[in-house]
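Throughout, a chain's letter reflects where its sequence line sits, starting with A, and its residues are numbered from 1.
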Amino acid sequence: MAYWLMKSEPDVYGIDHLAAEPDGTEHWDGIRNYQVRNMFRDQFQPGDQAFFYHSNTKVPGIVGIMEVVSEAYPDHTAFDPDEKYYDPKSDPEKPRWLMVDVRYVRHLDRIIPLSELKADPALSEMRLVQRGNRLSVMPVSESEWDHILEMEQRDTSDNG
DNA sequence: GCCAACGTTGGC
DNA sequence: GCCAACGTTGGC
């Protein structure tokens with residue numbers, strides 16, 4: 001089983017949107033990056049776990065956990081001219097872009113902000129905290145995953 | 001809103 | 001195949 005981190009802007013589609021879906025399940029569409037497409041195609045498996053990360057917001061950070069519940073399949077939004085991420089070069093006969101289904105698992109007990117992830121030496125190898133990283137989906141190692149779940153339980157109050 | 005960093009496109 | 005121009009991402 002693999003671990004992932006997947007970014008979304010909460011104003012567009014946040015973890016509360018996913019939690020409110022029927023069965024907490026929705027497809028993760030709109031990916032138009034080849035590295036991510038290849039990860040979907042070659043590495044994503046049902047049962048994989050993923051952090052839900054809120055980007056482009058006041059406090060960017062990890063807010064919850066979801067589970068991958070499908071293998072990769074064609075992203076149909078690429079075929080629809082009315083869609084924001086329409087790509088005329090993606091042929092339905094030979095789809096260029098893929099998506100996976102994910103299911104809401106839970107919110108974290110607290111948001112773990114990017115600033116805290118960046119400050120933690122144990123996470124210095126994460127793509128997320130490295131300069132100029134622009135991937136919206138990236139792998140997380142098992143040790144990083146476990147470490148972040150330990151951070152979740154950490155008391156961050158000043159005199160706690 | 002700014003802008004650094006990066007991926008993609010397309011002329012040559 | 002090179003690389004400048006352009007568009008996008010996303011933290012700040």
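A salt bridge links A/Arg106 with A/Glu152: at least one charged nitrogen is closer than 4.0 Å to a carboxylate oxygen. Classification of A/Arg37 and A/Asp75 as a salt-bridged pair fails, no side-chain N sitting under 4.0 Å from a carboxylate O.
Classification of the A/Phe52-A/Tyr13 ring pair by plane angle, with boundaries at 30° and 60°, yields parallel. Using the six-membered ring where Trp is involved, A/Phe44 and A/Phe40 have ring planes that are perpendicular, over 60° apart on the 30 and 60° scheme.
Residue A/Lys118 is in sugar-phosphate contact alone, with no base atom involved, counting any heavy-atom pair closer than 4.0 Å across all strands shown. Within the nucleic acid shown, A/Leu128 has no heavy atom closer than 4.0 Å to any nucleic acid atom.
Between A/Trp145 and A/Phe51, the ring centre distance stays below 6.0 Å. For A/His107 and A/Tyr104, the ring centers are positioned less than 6.0 Å apart.
Side-chain contact between A/Gln45 and A/Glu71 is present, with heavy atoms from C-beta onward closer than 4.5 Å.
Judged by closest nucleotide on DNA chain B, A/Asn56 is the one of A/Asn56 and A/Lys89 placed further toward the 5' end.
Under 3.5 Å, the side chains of A/Asp87 and A/Trp97 contain a donor-acceptor pair of N or O atoms.
Of the residues in residues 27-40 of chain A, those with a non-hydrogen atom less than 4.0 angstrom from any atom of DNA chain B are A/Tyr34, A/Gln35.
Boundaries of the chain A contact region on DNA chain C are C/dG7 to C/dC12, first to last in 5' to 3' order (nucleotide atom under 4.0 Å from a heavy atom).
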